[in-house]
Amino acid sequence: LWPRDSEETDADERNYGSLDELTRFSNFRLAYLQANGGEESLENLQSVRASGLFESGGKQLPFFSLKRRPNQSLTTITFPNYELTYVVNGGVVWQRVLVRGADPVYELKTGEEAAALAQMGEFFDPIMRVLLFDEGIIERLSPSSWMGTPAVKVEFRTADGNMRAAAYIEIENMRPLARIEEFGNGQERKVLYSDYRNVS
């Protein structure tokens, strides 16, 4: 995602500090922002692309997402027999259903459904929004691990109070490993990361 000078040290070779050092907020914030592009670059970043898998009910569905600041996104989820695309443009949200051999079907979303889908247009992930823009509160940093990998456990809540979460950040290169989100309505979502730097 980030252009790299040939003489720049590989992120994996940097030493961001010990697990104990990284559980101090000022150290953690500095290391996380540096490892993910640097504070100045992040503040100037205008668009980002991501891909991965949604998993629900034992099924895995590929997705592709393109986001542009401040709150625009296009996300396409590929189901076995059709593609579902959501477009967020600020407060306007619509979807397209595309079935092979048929005309696309478009629908404008409104009400609570539109409000929930509008979150897809949020440019940065919740941890980055807390660290970069103070859009939430980090309640605790503690030594932990995720699937055997040493990590800092970051417990935080969003500024609106609608979500509490725990994220696990690998200490060697400060990349997120997982985030477990709990919402006010009792729902839970788990986000798992692979190394997003490995892109073709």
Side-chain angles (χ1 to χ4, degrees), residues 1-52 65-73 75 119-183 188-200:
L1 291 178
W2 308 108
R4 183 158 61 190
D5 189 287
S6 60
E7 296 180 2
E8 182 182 347
T9 303
D10 192 291
D12 291 342
E13 297 173 2
R14 294 178 184 153
N15 181 4
Y16 292 105
S18 67
L19 187 53
D20 181 58
E21 290 169 334
L22 291 170
T23 56
R24 293 196 285 275
F25 178 77
S26 58
N27 294 343
F28 176 80
R29 181 184 185 277
L30 181 65
Y32 190 80
L33 295 179
Q34 180 185 354
N36 289 282
E39 187 165 357
E40 184 176 344
S41 294
L42 288 164
E43 288 179 341
N44 293 324
L45 186 64
Q46 294 298 311
S47 63
V48 66
R49 185 180 79 167
S51 61
S65 178
L66 183 64
K67 294 188 177 187
R68 182 171 178 169
R69 292 178 81 166
N71 52 10
Q72 295 177 316
S73 71
T75 303
Q119 293 180 356
M120 298 173 79
E122 293 175 349
F123 187 72
F124 286 112
D125 68 69
I127 300 172
M128 192 64 77
R129 292 202 305 274
V130 171
L131 295 177
L132 200 57
F133 303 116
D134 294 323
E135 294 180 8
I137 297 173
I138 292 193
E139 298 176 323
R140 185 176 180 206
L141 297 170
S142 57
S144 188
S145 67
W146 180 263
M147 304 293 286
T149 301
V152 177
K153 182 179 180 182
V154 184
E155 297 173 71
F156 66 98
R157 58 184 166 89
T158 55
D160 57 17
N162 289 334
M163 185 186 79
R164 300 179 81 93
Y168 295 82
I169 310 299
E170 184 177 2
I171 63 170
E172 284 189 14
N173 56 26
M174 295 303 292
R175 73 179 175 95
L177 297 168
R179 188 172 70 246
I180 301 168
E181 304 170 342
E182 297 177 356
F183 297 91
E188 182 179 279
R189 177 171 59 200
K190 183 185 291 184
V191 181
L192 304 177
Y193 293 86
S194 59
D195 191 341
Y196 54 85
R197 291 179 182 82
N198 291 335
V199 293
S200 60

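Along the sequence shown, residues are numbered consecutively beginning with 1.
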Legend entry - Donor-acceptor under 3.5 Å (S73 side chain, M120 main chain):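 Yes; judged by distance alone, with no hydrogens or angles, the pair exists.
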Inset, instruction - Spell out, as yes or no, whether a donor-acceptor pair under 3.5 Å connects the side chain of R129 to the backbone of A159. - result: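 Judged by distance alone, no pair lies under 3.5 Å.
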Inset, instruction - Over all heavy atoms of both residues, which pair between S65 and T75 is shortest? Give the atoms and the distance, please. - result: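 Heavy-atom minimum between the residues: OG-OG1, 3.4 Å.
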Legend entry - For the student: nearest non-hydrogen atoms of F124 and L45, plus distance: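 Taking F124 first and L45 second, the nearest heavy atoms are CE2-CD2, 4.3 Å.
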From [X] [atom1] over to [Y] [atom2], what is the distance, rounded to the nearest 0.5 angstrom?
| X | Y | atom1 | atom2 | result |
| --- | --- | --- | --- | --- |
| S47 | K67 | OG | NZ | 12.5 Å |
| Y32 | M174 | OH | CE | 8.0 Å |
| F28 | I127 | CZ | CD1 | 6.0 Å |
| S41 | Q34 | OG | CD | 11.0 Å |
| R49 | L66 | CZ | CG | 8.5 Å |
| T158 | Q119 | OG1 | CD | 8.5 Å |

Inset, instruction - Report the residues that fulfil side-chain contact (heavy atoms from CB on, under 4.5 Å) with D20, sequence neighbours left out, ordered by chain and then residue number. - result: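 Here the qualifying residues are S18, T23, R24.
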Inset, instruction - Mind checking side-chain contact (heavy atoms from CB on, under 4.5 Å) for N71 and listing every partner two or more places apart, or none if nothing turns up? - result: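 Testing N71 for side-chain contact (heavy atoms from CB on, under 4.5 Å), a comparison that skips the adjacent residues, returns none.
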Inset, instruction - Before giving the answer on side chain to side chain contact (heavy atoms under 4.5 Å, CB included), spell out for R175 and I169 the whole-Å C-alpha distance, their side-chain angles and the decisive distance to 0.1 Å. - result: CA-CA 6 Å; R175 73 179 175 95; I169 310 299; over 6 Å; no
Inset, instruction - Report yes or no: do Y168 and R179 form a side-chain donor-acceptor pair below 3.5 Å? - result: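 Side-chain D/A pair, Y168 to R179: absent.
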Legend entry - Residues E188 and K190 bridged, charged N to O under 4.0 Å: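 Looking at K190 together with E188, the answer is no, because their closest N to O distance does not fall below 4.0 Å.
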Inset, instruction - Salt-bridge test for E39 and R29: reply yes if a basic N is under 4.0 Å from a carboxylate O, no otherwise. - result: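 Looking at R29 together with E39, the answer is yes, because their closest N to O distance falls below 4.0 Å.
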Legend entry - E40 atom CD, over 12 foreign heavy atoms within 6.0 Å: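 Not buried by this count: 12 neighbours or fewer within 6.0 Å.
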Inset, instruction - Count the heavy atoms belonging to other residues, nucleotides or ligands that lie under 6.0 Å from CZ of R69, then report whether that count exceeds 12. - result: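 More than 12 heavy atoms, drawn from other residues, nucleotides or ligands, come within 6.0 Å of this atom.
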Only distances under 3.5 Å count here; give the side-chain donor-acceptor pairs of residues 131-156 to other protein atoms, sequence neighbours excluded, each with its distance to 0.1 Å.
{"residue": "E139", "atom": "OE1", "partner": "R164", "partner atom": "NH2", "Å": "2.7"}
{"residue": "E139", "atom": "OE2", "partner": "R157", "partner atom": "NE", "Å": "2.9"}
{"residue": "E139", "atom": "OE2", "partner": "R164", "partner atom": "NH2", "Å": "2.8"}

